[in-house]
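For the single chain, residues carry numbers from 1 onward in sequence order. If you're wondering where the values come from, they're calculated on a predicted model, not measured in any experiment. Every heavy atom of this structure was used, including side-chain atoms; hydrogens, water molecules and symmetry mates were not.
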Amino acid sequence: MTPRIIACAALYNPVWTSSVHRPLDFGIALAGFVLLTAWRAPPLVVVVLSAAAGIATGLLQS
């Protein structure tokens, strides 16, 4: 199996099914996936950016 397929499977089950409910959530998850697979960003950076994006969207929609 290629690393991208494994990353897709890891992204789908715990992350996708519990947290992606709106198109904006999809965009954040997709950006994180691209950062990890295509740009090979460090996972800690992706986690911090994704958390910041989630907090920002939550604050803007409140």
Side-chain angles (χ1 to χ4, degrees):
M1 274 191 175
T2 66
R4 288 187 185 188
I5 292 173
I6 294 170
C8 283
L11 177 69
Y12 176 75
N13 193 2
V15 177
W16 193 273
T17 58
S18 65
S19 63
V20 178
H21 302 289
R22 301 170 297 178
L24 191 54
D25 298 335
F26 173 75
I28 294 170
L30 181 63
F33 181 73
V34 169
L35 284 170
L36 287 171
T37 59
W39 292 353
R40 301 195 188 275
L44 183 59
V45 171
V46 176
V47 168
V48 170
L49 289 175
S50 298
I55 291 169
T57 58
L59 290 174
L60 290 175
Q61 291 184 354
S62 295

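The stretch residues 49-62 participates, sequence neighbours left out, in no salt bridge (charged side-chain N to carboxylate O under 4.0 Å, His left out) pair at all. Counting only residues at least two apart or on different chains, the side chain to side chain donor-acceptor pair (under 3.5 Å) pairs with a member in residues 24-43 are Arg22-Asp25.
In the hydrophobic clustering, Ile55 connects to Leu59, either directly or through intervening members, whenever side-chain heavy atoms lie under 4.5 Å apart.
In terms of heavy-atom proximity, Ser50 sits nearest to Gly32 at OG-CA, 4.5 Å.
The side chain to side chain contact (heavy atoms under 4.5 Å, CB included) search around Val47 returns none, not counting sequence neighbours. Residues satisfying the side chain to side chain contact (heavy atoms under 4.5 Å, CB included) criterion with Ala41, sequence neighbours excluded, are Leu35, Val46.
Both Val45 and Leu36 are part of a single hydrophobic cluster, where members link through side-chain heavy atoms under 4.5 Å apart.
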